[in-house]
Chemist: 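Structure incoming, see below.
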Number of protein chains: 2
Amino acid sequence: MTTTEFNTWQSVQEEVLRRINSREWKPGELIPNEAELSLEFGCARATVNRALRGLAEAGLLDRRRKAGTRVTLHPIRKATLDIPIIRHEVENRGQAYRYSLLSRTLREPPPDIRAKMQLPAGPKLLHVQALHMADAKPHIFEDRWINQHVVKHASNAEFSTISPNEWLVINVPFHGGDIAFTAVGANAREAEILNCRAGEALFVIERNTWNDQGVISTVRLACAPGYRLHTGI
Amino acid sequence: MTTTEFNTWQSVQEEVLRRINSREWKPGELIPNEAELSLEFGCARATVNRALRGLAEAGLLDRRRKAGTRVTLHPIRKATLDIPIIRHEVENRGQAYRYSLLSRTLREPPPDIRAKMQLPAGPKLLHVQALHMADAKPHIFEDRWINQHVVKHASNAEFSTISPNEWLVINVPFHGGDIAFTAVGANAREAEILNCRAGEALFVIERNTWNDQGVISTVRLACAPGYRLHTGI
DNA sequence: CAGTGGTCTAGACCACAAG
DNA sequence: TTGTGGTCTAGACCACTGG
């Protein structure tokens, strides 16, 4: 028996992937356990574990103690989006980045914002509106509320030369957040700022971030027409 | 010296995360190497490695052989999107899923599709248009080209009861792909099919998938107004 | 209860890249 | 050249959970 040797977790992973794709191991099917595989592949169990763990994270395998490892029936593909600082995103495309602060006020947020940030009525928040430009053309309109009760030193930030987007990334670590992507027609103000027709389709990114103190910030990024978010699988 | 013990990679990771967030280890700064940390934490180096690897994958640490491990200067946040089968997405929201095949033809693709699929002029492809509905309302308009020279058995699929979306996920393993998200105004046909006004903002997902044989399929998913894609960070 | 994956360990060698 | 992370190993114990 000429057993091919699988020394690295990558080679084991490739082989397992091959068996899944070739239907040698069919969707829903139980595959041999780690001990058996390590024997067959001629490597340590830890190596098999490393390989299978990766495939489980990718959603191709279902692993459960005692129940064993199965090929996922309907693999849920995962796409990873990089969320860079806007300035970097623009500069990495070779475009000239410019930033312009439109307004910076301290005021009580409207109910919908309060709801998003899970705050009671009353306290004022920092409201910042700014425009990110690429090659002198409007790129992204940033409309942000910052909870300066959680981010105390935010009150001192002027945001005249650095965008809240970048300032927060650099200065405020966060523990979690959520992102939503939608398409909406530009309202009058957005149309004016982004230099497009009212009602024109805009790509909108909404993001909340929080740490253990509470919600840090909620932001709505309205991207100029033609904006395209892409990634590999 | 009352050294707290860190037995698990998770606890090590938490502690490292704490030091990063508290600026005990500042952005751009070199942190102790694995051997030193394993000594300090009273665990094996492999445990430290496991913890740091995770943080590196999350984009919080930069690790390079010989150069050591540094706290990332501008952490690039990564959002992971789950790309489920449309039917599952609808059903998981508790809505009734319905599917309707609009057209299925074999014809030569227009130049822009050919370009996307990196195909020469000449060969015909399978063109399928279908509508996914949620609670009897139009949900997603699927406009797909399938390369039946790569996916040979696709010629036999009727797509009358199962969508190409689902059929492909189940029947054709792929090695790679790319996704793009945009916002566009609905054209006349999309408006009619999705039951909305022409020009109304639609969330559009474009996806290509390929395997080692070549491009499998390219699809444009036009989502009904109000569609929202969201995820955690 | 017992089988499976999850993890830790101590030690070893290797691959890469900075100096 | 040499220090650093990357990985493998053999063995061990643990944690979860299915039967």
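Every chain is numbered from 1 and lettered A, B, ... according to where its sequence line falls, protein lines coming before strand lines. These figures come from a predicted structure and were not determined experimentally.
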Chemist: Is it true that A:Y227 and A:H139 have ring centroids separated by less than 6.0 Å?
Modeler: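 For A:Y227 and A:H139, the ring centres are under 6.0 Å apart.
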Chemist: Using OP1 and OP2 only, check whether a side-chain N or O of A:N33 sits under 4.0 Å from C:dT4.
Modeler: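 True: A:N33 side-chain N/O within range (under 4.0 Å) of C:dT4 OP1/OP2.
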Chemist: Answer with yes or no whether the side chains of A:R144 and A:S217 bring together a donor and an acceptor at under 3.5 Å.
Modeler: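 Result is yes, a qualifying pair exists.
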Chemist: Say you draw a straight line from CG of A:L168 to CD1 of A:I85; how long is it, rounded to the nearest 0.5 Å?
Modeler: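 So the CG of A:L168 and the CD1 of A:I85 are separated by 10.5 Å.
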Chemist: Round to the nearest Å and state the distance from B:R64 atom CZ to C:dA15 atom C1'.
Modeler: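 Rounding to the nearest Å, CZ of B:R64 and C1' of C:dA15 are 15 Å apart.
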Chemist: Using a cut-off of strictly less than 4.0 Å between a heavy atom of the residue and any atom of DNA chain C, enumerate the qualifying residues of residues 7-19 of chain B by number.
Modeler: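 The answer is B:N7, B:T8, B:W9, B:Q10.
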Chemist: Let me know, please, whether B:R50 or B:R45 comes out on the 5' side of the other along DNA chain C by nearest nucleotide.
Modeler: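 So the residue in question is B:R50.
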Chemist: Taking the six-membered ring for Trp, are A:F159 and A:W167 parallel (under 30°), tilted (30 to 60°) or perpendicular (over 60°)?
Modeler: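 Plane angle over 60°, so perpendicular.
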Chemist: Just the rounded figure in Å: distance from C1' of C:dA18 to CZ of B:R70.
Modeler: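 Distance, rounded to whole Å: 11 Å.
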Chemist: Mapping B:A35 and A:A46 to their closest nucleotides on DNA chain D, which lands nearer the 5' end?
Modeler: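 Taking each residue's closest nucleotide, the earlier one in sequence belongs to B:A35.
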Chemist: Rounded to whole angstroms, how far apart are CZ on B:R63 and P on C:dC16?
Modeler: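 Interatomic distance, CZ of B:R63 to P of C:dC16: 16 Å.
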Chemist: Please evaluate the base of C:dA15 for a donor-acceptor partner in the side chain of B:R65 within a cut-off of under 3.5 Å?
Modeler: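 Indeed there is one.
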Chemist: Taking for each residue the nucleotide of DNA chain D with the nearest heavy atom, is it A:K66 or B:L52 whose nucleotide lies nearer the 5' end?
Modeler: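 The residue mapped nearer the 5' terminus is B:L52.
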Chemist: Would you call A:E57 and A:R53 a salt bridge, taking side-chain N to carboxylate O under 4.0 Å as the test?
Modeler: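 Judged by the 4.0 Å cut-off on N to carboxylate O distance, A:E57 and A:R53 do not form a salt bridge.
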Chemist: Starting at CD1 of B:I86, measure out to NE2 of B:H132 and round the result to the nearest 0.5 Å.
Modeler: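 If I round to the nearest 0.5 Å, the distance is 3.5 Å.
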Chemist: State whether a side-chain donor-acceptor pair under 3.5 Å links A:N49 with A:E34.
Modeler: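 A:N49 vs A:E34: donor-acceptor pair found between side chains.
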Chemist: Which distance, rounded to the nearest 0.5 Å, do you find between the CD of B:E142 and the CD of B:E166?
Modeler: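 B:E142 atom CD to B:E166 atom CD measures 10.5 Å (nearest 0.5 Å).
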Chemist: Can a donor-acceptor pair be found between the side chains of B:R228 and A:T182 at a distance below 3.5 Å?
Modeler: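 Checked: B:R228/A:T182 side chains show no N/O donor-acceptor pair below 3.5 Å.
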Chemist: What are the residues of residues 53-60 of chain A, sorted by number, that bring a heavy atom to within less than 4.0 Å of DNA chain C?
Modeler: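 Correct list: empty, so none.
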Chemist: Under 4.0 Å from any heavy atom of chain A: name the first and the last nucleotide of DNA chain D that qualifies, 5' to 3'.
Modeler: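 In short, chain A contacts DNA chain D from D:dT7 to D:dG18.
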Chemist: Could you state the interatomic distance from CG (B:D62) to OG1 (B:T69), rounded to the nearest 0.5 Å?
Modeler: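 With rounding to 0.5 Å, CG (B:D62) is 9.0 Å from OG1 (B:T69).
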Chemist: Is the A:W210-A:F174 ring centre distance short of 6.0 angstrom?
Modeler: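 A:W210 vs A:F174: aromatic centres not under 6.0 Å.
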